[in-house]
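Computed from a prediction, not measured in an experiment: that's the story for all the values here.
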Amino acid sequence: MRLAGILGVLTGLSALWFTPAKAADEIVVGFATAASGFMQAYDKPAQDAAMIRIDEINKAGGLLGKKIKAVFADTKTDQAEGAKAGLAVLDQGADLVVVSCDYDFGAPAALQAQAAGKVSFFLCAESIKAGIPGVGPYSFSGSVLAAVQGATMAEWAYNKKNARSFYRLLDSWTVYNKGICDGFDWMMPKLKDATLAGSDTFKNDDASIASQITRIKSLPKEPDAIMVCTMMPGAVSAIKQIRAAGIKSMILNGSSMDGSYWLNAIPDLSNFYVPVQGSIYGDDPNPKVNEFNKKYKDVTGGDPSSQYVYPGYVLIEVWAKAVERAKTTDAPAVVAELEKMNNEATLFGPRTFNKDIHHQNQGRYLIIDTEGGKPKMVDQWTISEKIPVDYLVSK
């Protein structure tokens, strides 16, 4: 036998010897997520919530009579490392691969799961690509599309706050930001008598948006609402400048600005609204959510920082239900059960999946109002119709 052939056999045997065997009495969930780098701030809280649900399932007897075992690999907030992390958890027997909150950073690991014939779930990605279009038929997201956030805020403000004139201000930095405005754009023509007073863009790292503010102030009448499609860190500066300019219009934003951790930069902020899947402020209408918040603090030592904690819990919840109904962890059977879910009840609102979309193009949102620098839940809203999949994919 040639040397190359011998080495090939030895390499194969080595893989068999050193790849940890999965016990027959366990189901493995692999987290190919960021334990370092800037994505850790997004991934770790949602992962902690996922682990809470796993612990609950294990304490209740497990899944299919087996304990769920979690294994981990650090993507290091790097796309190449993400692919390696996906392979690493698959090598440890992962039946489900959980990947980063962001599509760009989570897709490399999800693609490895797809290639291996395993189900993957993004922790909280809100791009339509985080699923069938960007990964494949075994990929899902635990969150709700950014476009639904923009559509929700437009329709809610129109119906509940009598907003008729809107100004659209897009931070062009990320696909997420664009998604918020895409949803807003889709909803606006459906609002009778609603008008777009103007539209403008800025970049997240712009030190000043003075020219955009000048254009708003030059309008014949201050708009009823300004739809700001942005995220941290630049959002704080933009919102602060709008209020410092004396503009009192209602400001609408996506879920990215949930949380009170940034409000000390604008201590008297008022008339500011965001949609959330659950309230971190102790006033969620579902008492079980408030109980979860307390449990999260007991387990992690800190309160949930934003609503982005919750999709991690949801993804384990819906995947486990699908496994129980399929009576197996085999991907085709589990996917088939997930795709049957229609307004499936979860702790943080209903979830629907089908063969065309593995994300939420409609969803119940709570509305958080910040007044005098203090956020609180004031309402809830579900958009009147689903955003069409072909519209989402075209964007």
What I'd like to find out is whether the side chain of [X] reaches to under 4.5 Å of the side chain of [Y], using heavy atoms alone.
X      : Y      : value
Asn204 : Pro233 : yes
Ser256 : Met232 : no
Ile387 : Val148 : yes

Closest non-hydrogen atom pair, [X] against [Y]:
X      : Y      : value
Pro375 : Thr370 : CB-OG1, 3.6 Å
Asp200 : Arg215 : OD2-NE, 2.6 Å
Ala194 : Phe166 : CB-CE1, 4.2 Å

If only side-chain N and O atoms count, and only distance matters, is there a donor-acceptor pair under 3.5 Å linking [Y] with [X]?
X      : Y      : answer
Thr174 : Asn177 : yes
Ser384 : Glu155 : yes
Ser100 : Thr33  : no
Gln149 : Glu126 : yes
Asp43  : Tyr308 : no
Asp74  : Ser36  : yes
Thr230 : Asp171 : yes

Does the gap between the ring centers of [X] and [Y] come in under 6.0 Å?
X      : Y      : result
Tyr313 : Phe292 : yes
Phe272 : Trp262 : yes
Phe105 : Phe38  : yes
Trp156 : Tyr365 : no

Thinking salt bridges, do [X] and [Y] make one under a 4.0 Å N-O criterion?
X      : Y      : result
Lys321 : Glu324 : no
Lys161 : Asp224 : no
Glu222 : Lys248 : no

Check: residues 183-192 side-chain donor-acceptor pairs under 3.5 Å, at least two apart:
| from | atom 1 | to | atom 2 | distance (Å) |
| --- | --- | --- | --- | --- |
| Asp185 | OD1 | Arg168 | NE | 2.8 |
| Asp185 | OD2 | Arg168 | NE | 3.4 |
| Asp185 | OD2 | Arg168 | NH2 | 3.0 |

*Intermediate values then yes/no, salt bridge (Lys or Arg N to Asp or Glu O under 4.0 Å), Glu337 and Lys327*: CA-CA 10 Å; Glu337 290 299 330; Lys327 298 180 174 57; over 6 Å; no

*Only counting residues at least two apart or in another chain, list the ones meeting side chain to side chain contact (heavy atoms under 4.5 Å, CB included) with Gln112.*
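Gln112 satisfies side chain to side chain contact (heavy atoms under 4.5 Å, CB included) with Ala83, Leu87, Leu90 once adjacent residues are dropped.
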
*Indicate the ring-plane relationship of Phe140 and Phe121, choosing parallel, tilted or perpendicular according to the 30° and 60° boundaries.*
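Because their plane-to-plane angle is under 30°, the rings of Phe140 and Phe121 count as parallel.
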
_Could you check whether atom NZ of Lys129 has more than 12 heavy atoms from other residues, nucleotides or ligands sitting under 6.0 Å from it?_
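At most 12 heavy atoms, drawn from other residues, nucleotides or ligands, come within 6.0 Å of this atom.
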
_Greater than 12 external heavy atoms within 6.0 Å of Lys395's NZ_ =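 Buried by this count: over 12 neighbours within 6.0 Å.
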
*Rounded to the nearest 0.5 Å, what's the gap from CD1 on Ile242 to CG on Leu169? Could you check?*
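Result: 5.5 Å between the selected atoms.
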
*In Å, rounded to the nearest 0.5 Å, how long is the span from CD1 of Ile316 to CD1 of Ile68?*
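The distance works out to 6.5 Å.
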
*Start with the C-alpha gap between Ser120 and Ser139, add the side-chain angles, then the distance that decides, and say whether side-chain hydrogen bond (donor to acceptor under 3.5 Å, both in side chains) holds.*
CA-CA 5 Å; Ser120 67; Ser139 182; 3.3 Å; yes

